Enquirer: 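Submitted below is the structure of interest, expressed as structure tokens.
It should be emphasised that the depicted structure is a prediction, and the values quoted were computed from it without experimental measurement. Lettering follows sequence order; numbering is per chain, from 1.
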Amino acid sequence: MLLRASRNVARSSSRTAVKIAGVRRSFVQPSSLSRASVIDPPPPAVRDSEELFRPRTDMLGFQLGKRESNEKARPIYLDFQATTPLDPRVLDKMLFYMTDQYGNPHSRTHAYGWEAESAVDEARKYIADIIGADAKDIIYTSGATESNNMCIKGIARFHREKKNHIITTQTEHKCVLDSFRKLSEEGFDVTYLPVQSNGIVSLETLEAAIRPDTALVSIMAVNNETGVIQPLKEIGALIRKHRGCYFHTDAAQAVGKIPLNVEEMNIDLMSISGHKIYGPKGIGAAYVRRRPRVRLEPILSGGGQERGLRSGTVPSSLAIGLGEAARIAQQEMAADSEHIKKLSDRLINGITSRMEYIVRNGDPNGYPGCVNLSFAYVEGESLLMALKDVALSSGSACTSASLEPSYVLRALGAAEDMAHSSLRFGIGRFTTADEIDYVVEKAVSTVQKLRDMSPLWEMVQEGIDISTIDWSQH
Amino acid sequence: MSTPSKTSLLHLYGGLLRASRSFSSYNFRTYFISRTKRVWKEFQSNPSPERVSDFYKANLEELDILRRSAVVNSIYGGRKLVVESNQGVKRLRSDN
């Protein structure tokens, strides 16, 4: 049957070949235009902003393909606060556990499970080492957002009967603020501490806010928008004096960048993120102190993995990637911070020496890899759009879709127009001096161009004080 | 393991630099070249004999990692960065 079918196919194809050969034309006979079937050219697979030459429908011929030289160059990545590229060394370690070693780390009955478990525990040790903790204190989560939710809600709900007050600051990350908002809906008393104009929370304000029924204080280590470093050691010592009050810190932006030690800083709970330390996305960790024991109510119920605080199979390849990223971060911390400080100074000096009316937001002694600058009389979003070759953000990635000014800068006391004109430059391990020079060049020329178009800038040049103008006169 | 000779150390250093240069991403390439140079310069300034064999072993592993990573990077490596396209063309005279 199959043989017959294949013979039929062969016969029919030979017949068509004969037919075509039968209408053979002589060499000089042209086909008339009416017999040429003109079809619309297909759309290009990749639409490019640089329009290629496209033939009209009445044109004969072929369409020009995309040439190599027309390819648009990639923008420079200067948004290391949003996320960092995966370090190739981390990927290399992960690939082994994504391909060959696929065992479930919780399987206790075979070698696949044992190998995965030992690697996951080794990674746990590396994470613990970077914050000066014990490996058993580390709990894998899906990221810093989950860690924050788990710590904040867990502590508050566990101690609900006796304590009803929780404290945070106004400049926290959205996931911390939203957890607190949720808890206040559940009936908790929430205090949002103000910060000083340099972004640092004052210890006196904090001490005044702590009450006998305060269960938790949550203050982030390094701010994601301004790079302000909070005095964790002093805050930890202050909170330790109050019995039964726990100290949680969101260290997503701090781990691997500044030295942290949970014992010295008296930190009870800490959130760690994988993709901020050149690790994979989708993994994070929470530090939950065991001595003295910190008890909290888990959000997820299930198989009781991770001390029962975070049920669910640990994604072994991601966890191992986080561990490797932490190990590399600890090994490279001194060299990285030196490199980042050098580039950060180069960026700030390059921009401020060539332009005026530029304000650096936040504490100048903060983390140097996060430079938040306000360019007066320039709209931040239009500056972002004009700087096409540079991947930047005006604030956190979570709020980059909205045009609202950053609430962090408003909490620092920045005027509305300055909060609107801010840009965040994130510098990291893989940034080079050439990139910084390019960005400085571009930023200076773009800001100059936008200011030249601005009527406000013209008025400032003429010596009119803009703040004295009453805009709503008509 | 016996102490590695000076030739084998130099050979390893050359291999590391070659592996670093074979990254197709500009940022990774620049980083690993400068990192290799920095680590070896540090080692050179303080070559304690008991550290040599550990250092050699660690860098052999590093070489394997870099070679594999460079292959993966070259498979998935994307477009060039804007700073790269400005480089490369060395103009000898101002008018050509």
Enquirer: Can you tell me how far apart CG (A:Asp87) and CD1 (B:Ile65) are? Round to the nearest 0.5 Å.
Expert: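 One finds 10.0 Å between CG of A:Asp87 and CD1 of B:Ile65.
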Enquirer: Does B:Asn27 form a side-chain contact (heavy atoms from CB on, under 4.5 Å) with A:Glu435? I'd like the steps, not just the answer.
Expert: CA-CA 10 Å; B:Asn27 294 85; A:Glu435 288 180 313; 3.1 Å; yes
Enquirer: In terms of heavy-atom pairs under 4.5 Å, which option from A:Thr431, A:Asp92, A:Asp389 contacts chain B the most?
Expert: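 The candidate making the most pairs under 4.5 Å is A:Asp92.
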Enquirer: What's the separation between atom CZ in B:Arg68 and atom CZ in A:Phe96, rounded to the nearest 0.5 Å?
Expert: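 Nearest 0.5 Å value for the CZ-CZ distance: 9.5 Å.
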Enquirer: Would you please name every residue forming a side chain to side chain donor-acceptor pair (under 3.5 Å) with B:Ser74, sequence neighbours left out?
Expert: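 If we apply the side chain to side chain donor-acceptor pair (under 3.5 Å) test to B:Ser74, skipping adjacent residues, there are no hits.
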Enquirer: Just wondering, more than 12 heavy atoms not from A:Lys281 lying within 6.0 Å of its NZ?
Expert: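 Yes.
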Enquirer: Walk me through whether B:Tyr26 and A:Thr432 qualify under side-chain hydrogen bond (donor to acceptor under 3.5 Å, both in side chains).
Expert: CA-CA 9 Å; B:Tyr26 164 79; A:Thr432 65; 2.8 Å; yes
Enquirer: Quick one: closest heavy-atom pair of A:Arg89 and B:Ser69, and the distance?
Expert: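 Residues A:Arg89 and B:Ser69, closest heavy atoms: N-OG, 4.3 Å.
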Enquirer: Hey, what do you get for NE2 (A:His339) to CZ (B:Arg35), rounding to the nearest 0.5 Å?
Expert: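 The CZ atom of B:Arg35 is 13.0 Å from NE2 of A:His339, to the nearest 0.5 Å.
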Enquirer: Just wondering, are more than 12 heavy atoms of other shown residues or ligands nearer than 6.0 Å to CD in B:Glu50?
Expert: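 Result for CD/B:Glu50: enclosed.
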Enquirer: Please give me the minimum heavy-atom distance between A:Pro75 and B:Leu81, naming the atom from each residue.
Expert: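 In terms of heavy atoms, the two residues are closest at O-CD2, 3.1 Å.
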Enquirer: So what's closer than 4.5 Å to chain B heavy atoms on A:Leu91: side chain, backbone, both or neither?
Expert: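 Just its side chain gets close to chain B.
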Enquirer: Hey, what's the ring geometry for B:Tyr31 with A:Phe430, parallel, tilted or perpendicular (30° and 60° as the breaks)?
Expert: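 Correct class here is perpendicular.
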Enquirer: Between B:Arg38 and A:Glu338, is a salt bridge (Lys or Arg N to Asp or Glu O under 4.0 Å) present by the stated rule, with each step listed?
Expert: CA-CA 12 Å; B:Arg38 188 191 75 228; A:Glu338 191 192 331; over 6 Å; no
Enquirer: Apply side chain to side chain donor-acceptor pair (under 3.5 Å) to A:Gln81 and list each qualifying residue two or more places apart in sequence or on a separate chain.
Expert: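 In terms of side chain to side chain donor-acceptor pair (under 3.5 Å), with neighbours along the sequence ignored, A:Gln81 is linked to no residue.
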